[in-house]
Number of protein chains: 2
Amino acid sequence: MGMDIRRLVGLNLKIYRKAAGFSQEGLALECGLHRTYVSGVERGVRNPTVLVLAQLAEPLGIPASKLLEEPVDGE
Amino acid sequence: MGMDIRRLVGLNLKIYRKAAGFSQEGLALECGLHRTYVSGVERGVRNPTVLVLAQLAEPLGIPASKLLEEPVDGE
DNA sequence: ATGTGACTTATAGTCCGTG
DNA sequence: CCACGGACTATAAGTCACA
């Protein structure tokens, strides 16, 4: 019973997106999704599919699995 | 450009499910999904959502992120 | 640059079966 | 026990106008 996985994905996405220097709009363009959709994923109000996770992860240069990982302290 | 992520999820699920000693039907019952759906995920013909990944992972005792991880040799 | 509600179309996910 | 199909219903995908 960890946190809501949609929220987890959202938090992770925001972290990796910022680390890669993208705005939501910039990332949306890179991965072929709509700006407002990316916003919804980050806020945890969307329940994305694995195909969408892969699309988001690609321009960030991370494996899709990273978007589902619980934050580990000491990382 | 790794393998199709749906196929990856399917292969991982099958491995972890068997390791936990579940049949597809048994796992489906445990996680509240339909038996035919679990079958479809394992065959890589389904595109599950993150909520479903979490549901599948729970009775397997693994984090949902494991279902998206590429196989690493030496594991 | 982002958050949000509302909306339509595509598909996720269920349930009935078969070999 | 599992692969696979058809028909269905619930919800994700995808877009927009506006704050």
Side-chain angles (χ1 to χ4, degrees), chain A residues 1-69 71, chain B residues 1-69 71:
Chain A
M1 358 148 277
M3 80 195 307
D4 184 309
I5 195 163
R6 288 168 303 179
R7 213 159 251 283
L8 174 61
V9 169
L11 293 172
N12 283 337
L13 178 59
K14 189 168 199 162
I15 289 165
Y16 287 113
R17 172 178 64 80
K18 294 201 153 179
F22 285 113
S23 64
Q24 288 181 354
E25 199 162 12
L27 175 60
L29 281 170
E30 287 298 318
C31 62
L33 292 168
H34 198 89
R35 160 187 95 65
T36 61
Y37 186 74
V38 172
S39 168
V41 173
E42 284 197 3
R43 282 176 290 124
V45 301
R46 296 282 188 160
N47 180 23
T49 63
V50 298
L51 248 21
V52 166
L53 292 182
Q55 250 178 294
L56 287 165
E58 195 185 68
L60 297 176
I62 58 170
S65 60
K66 284 279 177 196
L67 295 173
L68 293 186
E69 280 175 11
Chain B
M1 19 156 252
M3 80 196 308
D4 183 308
I5 195 163
R6 289 167 303 181
R7 215 163 251 286
L8 174 61
V9 169
L11 293 172
N12 284 337
L13 178 58
K14 189 169 199 161
I15 289 165
Y16 287 114
R17 172 178 63 80
K18 293 200 154 179
F22 285 112
S23 65
Q24 289 180 350
E25 198 163 9
L27 175 59
L29 281 169
E30 287 297 317
C31 64
L33 291 168
H34 200 87
R35 104 192 133 69
T36 61
Y37 189 72
V38 172
S39 168
V41 173
E42 284 196 3
R43 283 178 288 128
V45 300
R46 292 289 185 161
N47 180 24
T49 63
V50 297
L51 247 21
V52 164
L53 292 181
Q55 265 177 107
L56 287 166
E58 194 185 70
L60 297 177
I62 57 169
S65 59
K66 284 280 176 195
L67 295 173
L68 292 186
E69 281 176 13

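Just so it is clear: chains get the letters A, B, ... in the order the sequence lines come, proteins before strands, and each one is counted from 1.
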Give every residue pair that meets the side chain to side chain donor-acceptor pair (under 3.5 Å) criterion with at least one member in residues 27-36 of chain A, sequence neighbours excluded. none
For A:Val45 and B:Glu25, find the nucleotide of DNA chain D closest to each by heavy atoms; which residue's nucleotide sits nearer the 5' end? B:Glu25
How far does OH of A:Tyr37 sit from CG of A:Leu56, to the nearest 0.5 angstrom? 7.5 Å
Applied to residues 40-53 of chain B, the side chain to side chain donor-acceptor pair (under 3.5 Å) test, sequence neighbours excluded, yields A:Asn47-B:Thr49, A:Thr49-B:Asn47, B:Arg17-B:Glu42, B:Gln24-B:Glu42, B:Ser39-B:Arg43
Determine whether A:Asn12 and A:Leu68 make a side-chain contact, defined as any pair of heavy atoms from C-beta on separated by less than 4.5 Å. no
Decide yes or no on side-chain contact (heavy atoms from CB on, under 4.5 Å) for A:Leu13 and A:Leu27, but give the supporting numbers first. CA-CA 10 Å; A:Leu13 178 59; A:Leu27 175 60; 4.0 Å; yes
Which residues pass the side-chain contact (heavy atoms from CB on, under 4.5 Å) test with B:Ala20, not counting sequence neighbours? B:Phe22, B:Leu60
Return the residues of residues 5-23 of chain A meeting this criterion: a heavy atom under 4.0 Å from some atom of DNA chain C. Order them by number, or give none. A:Arg17, A:Ser23
In numerical order, the residues of residues 30-42 of chain A whose heavy atoms come under 4.0 Å of DNA chain C are A:Arg35, A:Thr36, A:Ser39
Within a strict 4.5 Å, meaning less than it, do heavy atoms of the B:Leu8 and A:Val50 side chains meet? no
CG (B:Leu29) and OG (B:Ser23) are apart, to the nearest 0.5 Å, by 8.0 Å
With a 6.0 Å cut-off (strictly less than), is the heavy-atom count around CD of B:Gln55, excluding the residue itself, greater than 12? yes
Bend angle of the helix from C:dT2-D:dA19 to C:dG19-D:dC2, from helix axes over five pairs at each end, nearest 10°: 40°
DNA chain D: first to last nucleotide in contact with chain A (atom under 4.0 angstrom from a heavy atom), 5' to 3', is D:dA12 to D:dC18
How far does CD1 of B:Ile62 sit from CG of B:Leu67, to the nearest 0.5 angstrom? 4.0 Å
Minimum heavy-atom separation for B:Pro63 and B:Ala57, please, with both atom names. C-CB, 4.0 Å
Using the side-chain contact (heavy atoms from CB on, under 4.5 Å) criterion, which residues pair with A:Leu11? Sequence neighbours excluded. A:Met3
In Å and rounded to the nearest 0.5 Å, what is the CD1 to NZ distance from A:Ile15 to A:Lys66? 11.5 Å
Separation of A:Leu53 CG from B:Leu53 CG (nearest 0.5 Å): 7.5 Å
Please measure how far the C1' atom in C:dA1 lies from the corresponding atom in D:dC18, and state the result in whole Å. 14 Å
For a 4.0 angstrom threshold against heavy atoms of chain B, report the outermost contacting nucleotides of DNA chain C in 5' to 3' order. C:dA12 to C:dG17
